[in-house]
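Encoded as structure tokens, the structure appears first; notes follow it.
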Number of protein chains: 2
Amino acid sequence: MTEISKTEFEVLEAIWQGHPASAQQIIERLNETKPWHEKTVKTLLNRMVKKEAINFEKVQRSYFYSPLFARDEYTFKESKSLIERMFSGRLSPLVSHFVKSDELTKDDISELKDLINQWEKDNG
Amino acid sequence: MTEISKTEFEVLEAIWQGHPASAQQIIERLNETKPWHEKTVKTLLNRMVKKEAINFEKVQRSYFYSPLFARDEYTFKESKSLIERMFSGRLSPLVSHFVKSDELTKDDISELKDLINQWEKDNG
DNA sequence: AAATATTGATTACAATTGTAGTCTTAACTA
DNA sequence: TAGTTAAGACTACAATTGTAATCAATATTT
């Protein structure tokens with residue numbers, strides 16, 4: 001899958017919310033938070049079709065778009081890429097940043113502990 | 001600080017390795033792993049000066065560059081940005097990905113546990 | 001049926017990015 | 001001192017990105 005820009009990602013988000021989705025639906029979903037011009041969104045949709053990030057089926061005059069990869073797949077790939085580039089592929093330096101900067105709540109810590117327990121159950 | 005591209009970040013890495021650093025030094029450091037043309041690196045240095053990501057002091061005919069922000073500061077900002085955009089600002093969904101995908105070693109888990117213990121000592 | 005509106009396709013256009021090449025000037029070398 | 005290097009400045013140029021406007025074809029509304 002080719003690179004997709006931050007803006008394109010936001011359009012993809014709207015598609016992941018539910019698909020196949022018409023351009024109109026996508027525009028409406030986006031406009032709940034972002035005042036993007038209809039033409040702008042359509043351009044982005046077009047570009048993503050060319051990049052094979054999404055495809056569409058034609059129904060009458062309208063197109064209904066669907067993603068060509070799952071949100072999880074994409075976010076994971078991006079996360080790995082960032083961690084690769086900035087932390088030599090190691091996760092803990094990133095987590096360390098958060099832990100030390102007081103960005104985490106008690107609940108966040110609980111979740112992390114659960115994840116670790118899970119890992120230890122599955123492995124270790 | 002303006003946006004800096006992935007390529008620019010790699011040049012910055014070379015500067016963070018030790019500074020002030022001359023263009024020559026930076027180019028040499030980079031060329032240990034990346035076959036970038038001298039002119040290319042100089043262009044990137046120039047752009048980063050304009051973006052105020054780095055500055056320089058002139059010594060004779062040469063420039064000696066220094067970063068205008070710390071590596072940690074930058075990587076943390078980028079990490080937060082990604083987590084904001086992809087995981088609604090929550091860290092654990094990202095960690096979850098890694099835990100579940102068998103990307104972590106025993107040592108990674110140990111480090112995470114230590115971080116959590118540290119947090120609990122400081123807070124909790 | 002004629003006018004209007006709606007869809008997508010095509011075109012636009014400046015800013016950024018990757019990747020250098022050329023120009024100018026100062027320094028070194030023969 | 002004249003020619004050659006080496007530094008940085010300036011220029012280049014296509015691809016991508018953000019942000020639409022215009023065009024063409026089809027529906028919908030009078």
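What you see below is based on every heavy atom in this structure, not just the backbone, and it leaves out hydrogens, waters and symmetry mates. Here is how names work: the chains are called A, B, and so on, in the same order as the sequence lines, proteins then strands, and each is numbered from 1.
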**Study point:** Stem segments of DNA chain C by first residue number [Watson-Crick or G-U, under 3.5 Å, at least 3]
**Key:** C:1-30 with D:1-30

For [N] and [X] - does any side-chain N or O of the residue sit under 4.0 Å from the phosphate oxygens OP1/OP2?
| X | N | answer |
| --- | --- | --- |
| A:H37 | D:dG18 | no |
| B:K39 | C:dG21 | no |
| B:S5 | C:dG18 | yes |
| B:K51 | C:dT17 | yes |
| B:N46 | D:dA9 | yes |

Study note, to complete from the structure: In A:V49, A:V11, A:L12, A:N55, the residue satisfying side-chain contact (heavy atoms from CB on, under 4.5 Å) with A:Y65 is A:V49

Check your understanding: Is the distance between the ring centroids of B:H19 and B:F56 under 6.0 Å?
Key -> no

Report the distance from atom [atom1] of [X] to atom [atom2] of [N], rounded to the nearest whole Å.
| X | N | atom1 | atom2 | answer |
| --- | --- | --- | --- | --- |
| B:Q60 | C:dT25 | CD | C1' | 15 Å |
| B:K42 | D:dA9 | NZ | P | 9 Å |
| B:E57 | D:dG8 | CD | P | 13 Å |
| A:K34 | D:dT19 | NZ | P | 11 Å |
| A:K6 | C:dA15 | NZ | C1' | 16 Å |

Point to revise | Sugar-phosphate, base or nothing in reach of A:S62, heavy atoms under 4.0 Å | key: sugar-phosphate

Review point. Touch check for A:T7, heavy atoms < 4.0 angstrom, all strands: base, sugar-phosphate only, or nothing?
Key: sugar-phosphate

Practice item. Could you tell me whether A:R85 and B:E10 make a salt bridge, using a distance below 4.0 angstrom between a side-chain N and a carboxylate O? Key: no

Would [X] and [Y] count as having a side-chain donor-acceptor pair, cut-off 3.5 Å?
| X | Y | result |
| --- | --- | --- |
| A:N46 | A:T43 | no |
| A:S79 | B:H97 | no |
| B:Q118 | B:D114 | no |

Practice item. By nearest nucleotide on DNA chain C, pick out whichever of B:L44 and A:R47 is the more 5' one. Key: A:R47

